[in-house]
Structure formats: structure tokens, C-alpha cells
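Structure, as C-alpha cells:
Residue numbers begin at 1 in each chain, while the letters A, B, ... track the order of the sequences.
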2 protein chains.
Amino acid sequence: MQIMTQPNQKNSHSEIPIACVACHAREGGVCGTLSPSQLAQVVRKTARRRVQPQIEIIGQGDGIEHCAAIVRGVVKLSKMLADGRQQIVGLQFAPDFLGTPFLRECSLSAEAVTNVDLCVFPRALIERLAAEAPDLQRRLHVETLKKLCAARDWMLTLGRKTAKERVANFLYLVATRINFEDGPAREFDLPLSRADIADYLGLTIETVSRQITRLRKEGVIRVENRRRIIVPDIRRLMKNASIDS
Amino acid sequence: MQIMTQPNQKNSHSEIPIACVACHAREGGVCGTLSPSQLAQVVRKTARRRVQPQIEIIGQGDGIEHCAAIVRGVVKLSKMLADGRQQIVGLQFAPDFLGTPFLRECSLSAEAVTNVDLCVFPRALIERLAAEAPDLQRRLHVETLKKLCAARDWMLTLGRKTAKERVANFLYLVATRINFEDGPAREFDLPLSRADIADYLGLTIETVSRQITRLRKEGVIRVENRRRIIVPDIRRLMKNASIDS
DNA sequence: GGGCTTTTTTGATCTCGATCAAGGCAGCCG
DNA sequence: CGGCTGCCTTGATCGAGATCAAAAAAGCCC
């Protein structure tokens with residue numbers, strides 16, 4: 001499924017760039033250094049969109065004609081083999097950028113795992129503005145570099161860590177990314193089902209469940225209603241994940 | 001160990017940018033769109049360097065002050081846990097770019113696996129030129145996007161493929177990347193030892209060896225002198241790697 | 001609440017790849 | 001040539017996580 005292209009008429013024009021800025025609040029916003037006329041283009045071509053859980057945002061192998069910034073919610077990026085085996089290759093939280101301008105042939109599918117609010121742009125707009133505004137290009141590049149670094153960290157997890165370490169690593173990752181401003185959350189709701197966690201960790205749901213139980217029994221975490229995780233001591237969780245701090 | 005900083009006096013000035021261009025020949029070279037004065041800066045600040053196998057180019061956690069383009073040879077990027085478990089998170093062939101300008105905190109170590117010729121620049125130079133030349137910034141960004149795509153492909157391999165598929169996948173990867181101009185090589189020398197292959201695939205050397213034997217006995221590959229691989233039918237190798245073409 | 005589905009947990013067993021242990025083979029140097 | 005060293009291969013056994021199976025808990029709709 002493609003990202004919708006129509007600008008959302010219900011939003012006032014002034015709201016949209018604020019959303020974009022919010023998306024990249026950590027660094028002052030993607031639109032931060034654009035000229036007034038460039039900002040006006042963004043306003044005209046940008047659409048807000050709300051996506052329900054389990055709805056595909058970008059399909060595997062689509063010619064991707066749009067990009068988006070996540071305003072709220074969690075998006076999973078996954079790859080699938082012909083026989084159905086699946087691997088989640090990235091989790092994106094607000095205010096991450098979705099899509100690969102400047103590169104066409106990267107097949108992966110993006111799917112909302114919670115309710116997601118997006119700020120959608122045409123790919124061509126981003127590419128044009130990036131060519132005009134070096135700082136925008138640089139900032140998108142830095143975001144890509146961070147994703148590359150995260151992907152490589154996860155390769156270490158997938159290739160060399162035990163099931164228990166992987167689960168602890170996942171919990172640590174969610175704790176640190178769920179609130180993008182503050183440090184690691186002490187208490188949070190898991191955005192993913194056990195099946196999705198398994199697909200992210202290269203494990204089965206049974207193994208994920210058993211390792212969560214194990215961490216719970218060892219007192220590393222507390223679990224309420226299967227979804228809510230409480231971490232009394234983040235250091236202890238990191239040790240269980242073999243994260244050297 | 002840091003990359004050497006001294007420009008190599010033995011190289012004529014005219015040779016160096018040619019080397020850079022050669023590094024990025026597929027797209028016309030990193031230096032392709034620079035002005036004459038920018039090119040002169042590159043000439044002044046660039047050093048050629050030859051690196052022996054198993055020599056570290058950039059250490060894990062170094063404050064990385066240099067970047068490099070690979071002119072010849074193969075470089076492995078790896079991450080290690082405190083207890084010694086290791087994962088190779090990327091293999092770079094000529095004419096790949098090494099280093100992460102614009103981003104400081106990504107800990108990984110780069111090590112030559114064959115004799116490697118590099119073209120070394122100060123990080124600051126690249127960052128300055130990229131700010132001035134939007135096309136250079138864009139091209140570096142595209143290279144990073146490709147690496148991200150490759151890393152995510154590898155996550156699928158690490159998370160969901162069997163030992164045999166992983167080994168076949170690795171052979172296919174080397175076949176396609178060892179000669180950057182042509183298509184997949186039908187015959188090539190493995191640049192990595194069994195131990196390095198194991199670290200790349202998240203397996204042990206024994207399992208790697210057994211799966212190579214198995215692929216050999218099934219006629220998917222022929223092996224000469226343990227290092228030389230002959231692939232009679234690349235399609236068959238891809239099928240064994242579960243690569244959907 | 002009661003019946004239904006879906007998700008998660010727990011238990012029993014199996015299997016692929018790890019581990020432990022030799023043995024083979026090539027390169028190197030005397 | 002023979003002994004040595006460092007990879008690589010092969011064999012035997014073990015174990016972490018997969019698979020198969022079922023029970024328990026939560027959500028959902030009436």
C-alpha cells in the first residue's frame with residue numbers, strides 16, 4: 001500500500017511545518033533551516049496521516065514515491081523470505097524519518113505496530129529541497145548513519161547473543177527509545193506482540209515468552225498485564241543484555 | 001590504531017585525486033564535482049597508505065579523525081563484546097568509503113583482511129567539502145543508504161537463515177562484490193579465513209567448514225586449495241542461499 | 001456474565017548447530 | 001627430507017532453542 005498523497009485539508013497550513021519540526025525536535029527540525037519559500041512548498045505538499053496497527057505503510061518492493069516523519073507511534077521495518085520467514089530489521093519511533101530518498105532499490109516493508117501519526121512528503125520534494133539546502137541533506141545523512149549504527153549493533157545481537165540477552169537487549173532498546181527526550185523509561189508498555197518481538201530477535205514466540213518469564217523470576221523486570229514492563233534497575237537489565245556501558 | 005595523517009610525499013599530486021576518483025568510479029568519483037581549488041585541498045590533505053592483513057585501521061571506540069576510500073583489498077568491520085564474542089558487521093570492498101563523518105559515537109573496529117590500499121583524508125576535510133558541495137554530500141549519503149540496506153539484508157540472514165543458507169549467502173556476497181565492475185564472479189579466492197567467515201555468519205568455524213563441505217558434495221560449488229571457490233551455476237548458489245532474485 | 005477467539009504461557013520432545021576432541025594437510029624452516 | 005606450526009576438516013556428543021501440544025489468561029461480542 002502506498003502512502004496517501006493528498007494534503008490533508010483539515011489541517012491549517014501553519015500546523016504542518018510545526019509537525020515536521022516536532023518530528024526532528026532533537027536537532028531543531030528538518031525544516032529548521034529552510035527559507036520561507038521552501039517552507040511554503042513543504043506546507044503545500046505535506047499531508048498528515050493516521051495509520052492503524054498492522055497496516056502496511058510501504059510495501060516490500062514498492063517503488064517508493066513518498067517519505068514520512070513519524071509524529072507519534074512505533075513503526076516496524078521488516079523483510080520476508082519467499083517461504084514466509086520474517087525478520088524485523090528496524091523499529092522506528094517518533095521523530096524518526098521513514099523512506100529512502102536518493103535510493104530506489106531497497107526492498108523492505110514498513111508497518112504500524114501502534115496507532116501512528118505520520119507527516120507524509122513526496123520523495124521528489126525532499127530530494128529537491130535537500131539539493132538546495134545542504135544542512136537538510138546533512139541532517140538526513142546523519143539520521144541514516146545513526147540507523148546504520150543501530151543496525152550493526154543489532155547484527156551483533158542477532159549473531160552472537162543468547163536468547164536471554166536478546167530479550168533483555170530488546171527491553172532496553174524500547175525503554176531508551178519510547179520517550180525520545182528523557183533517558184531510559186523505568187516503566188513502559190511494550191509496543192510489540194510476542195510474535196513481533198520474536199521476529200525482531202530471530203527467535204520463536206515460545207522462547208521469547210520463556211525468557212521474559214525468566215527475567216521476571218530473577219527480578220530483573222516486573223510484568224503487568226503481559227504488556228507493561230517495570231525495570232527496577234536499568235543497570236541490571238543492561239548487564240543481562242551484555243551491553244557494555 | 002589511527003590512520004596515518006602525513007600526506008605521502010612519494011605520490012605525485014596528480015595521482016591522488018585520480019585514486020579518489022577511481023574509488024568511486026561507478027558514479028564518477030567523490031571528487032568528481034569539486035572545483036579546482038577544492039580538488040587542490042584534497043590533493044594536499046590526502047595520503048595513500050598500504051595496510052597488511054590483520055592490521056587494525058580504526059579501533060573500536062576511537063575518536064575517528066580520519067576517513068578513507070578503499071582502493072584495493074577487503075576490510076572487515078566488527079564489533080566485540082566484553083567476553084570476546086565477535087561479530088563482523090560489514091565487509092567493505094574497493095571502492096567503498098570507510099569512516100563516519102558527521103557522526104562521532106559509533107564504536108566499531110575496521111581491520112584489513114587482505115593487503116589493502118587506502119586513500120586517507122582528514123574527517124574535517126570531508127565534512128567541510130560536503131557542506132560546500134551538495135553533490136558530494138548526496139553521494140556520501142547514498143553510499144550510507146546502501147550500507148544500511150546491506151546491513152538489513154544481513155540481519156535477515158543472521159536472524160532467520162540456516163547455517164547452509166548463511167554460507168551460501170556469504171559465497172554469493174563475495175562473488176558479487178569481489179569484482180566491483182562485473183557481475184558475480186564464477187571463480188574467486190575467499191578473502192576471509194574460516195574463523196572470519198564464522199564471525200560474519202554468527203556460526204562456529206566447524207559449522208562453516210561442514211557446510212562448505214556439504215555444498216561441495218552437492219555440487220553447488222567446487223573448492224580448490226581451501227581458498228579458491230568455483231561456482232558452476234550462480235542460480236543454484238542463490239537458491240541454496242534462499243535469495244529471491 | 002457466558003461463549004468465543006486470540007494471545008500468551010507452560011510442558012515435553014526433538015534437532016541443528018555448538019562444543020569437545022582428533023586427525024589431516026599445507027606452508028615453513030632447519 | 002622431517003619436524004613444527006597454524007589452519008581446516010571430520011567425528012562424537014551435548015545443549016539451547018525449535019517444534020509440537022495443550023492449558024491459561026485476556027480481550028471481545030452478544
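- Remark on DNA chain D: of its neighbouring residues Arg227(B) and Gln211(A), the 5'-side contact belongs to Arg227(B), judged by nearest-heavy-atom nucleotide.
- For the pair Ser209(A) and dT10(C), the criterion of a side-chain N or O lying under 4.0 Å from OP1 or OP2 is not met.
- Distances shorter than 4.0 Å separate none of the side-chain N or O atoms of Arg210(A) from OP1 or OP2 on dT9(C).
- Distance, Arg85(B) CZ to dA18(C) C1': 13 Å, rounded to whole Å.
- Comment: Glu206(B) does not engage Arg210(B) in a salt bridge, judged by the lack of any side-chain N to carboxylate O separation of less than 4.0 angstrom.
- Note that the first and last nucleotides of DNA chain D, 5' to 3', having any atom under 4.0 angstrom from a heavy atom of chain A are dG17(D) to dA26(D).
- The backbone N or O of Arg166(A) lies less than 3.5 Å from no partner atom in the side chain of Thr157(A), so there is not a single donor-acceptor pair.
- Side-chain N/O atoms of Glu165(A) and Thr162(A) include a donor and acceptor closer than 3.5 Å.
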| Can you check side chain to side chain contact (heavy atoms under 4.5 Å, CB included) on Gln92(B) and Lys147(B), steps first, answer last? | CA-CA 9 Å; Gln92(B) 306 300 154; Lys147(B) 284 175 185 166; 3.7 Å; yes
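- Contacts of Ile212(A) with the nucleic acid, taken as non-hydrogen atoms under 4.0 Å apart, are absent.
- Rounded to whole Å, the distance from CG on Asn225(A) to C1' on dT7(C) is 13 Å.
- Remark: Leu148(A) CG to Arg152(A) CZ distance equals 4.0 Å, nearest 0.5 Å.
- A distance-only check finds a donor-acceptor pair linking the side chain of Arg85(A) to the backbone of Arg160(B) [under 3.5 Å].
- To the nearest angstrom, P of dA18(C) lies 18 Å from NZ of Lys161(A).
- Using a distance-only test at 3.5 Å, with no hydrogens or angles considered, no donor-acceptor pair links the side chain of Glu56(A) to the main chain of Ala110(A).
- Axis orientation changes by 30° from one end of the helix from dG1(C)-dC30(D) to dG30(C)-dC1(D) to the other, with each end axis drawn from 5 pairs and the value rounded to 10°.
- If you measure from atom CG of Leu203(A) to atom P of dC16(C), you get 18 Å, rounded to the nearest angstrom.
- Rounded to whole Å, atom P of dT8(C) lies 12 Å from atom CG of Asp199(A).
- Aromatic ring pairs are classed by plane angle as parallel below 30°, tilted from 30° to 60° and perpendicular above 60°; the pair Phe170(A) and Tyr200(A) is perpendicular.
- For the pair Glu206(B) CD and dA22(C) C1', the computed distance is 12 Å after rounding to whole Å.
- Arg226(B) comes within 4.0 angstrom of a nucleotide base, judged by non-hydrogen atoms across all strands.
- Residue Ile205(B) is out of contact with every strand shown, counting any heavy-atom pair closer than 4.0 Å.
- Judged by distance alone, with hydrogens and angles left aside, the side-chain atoms of Lys79(A) form a donor-acceptor pair with the main-chain N or O of Ser107(A) at under 3.5 Å.
- For Arg160(A) and dG17(C), the CZ to P distance is 13 Å, given to the nearest whole Å.
- Close to dA18(C), at under 4.0 Å from its OP1 or OP2, lies a side-chain N or O of Thr204(B).
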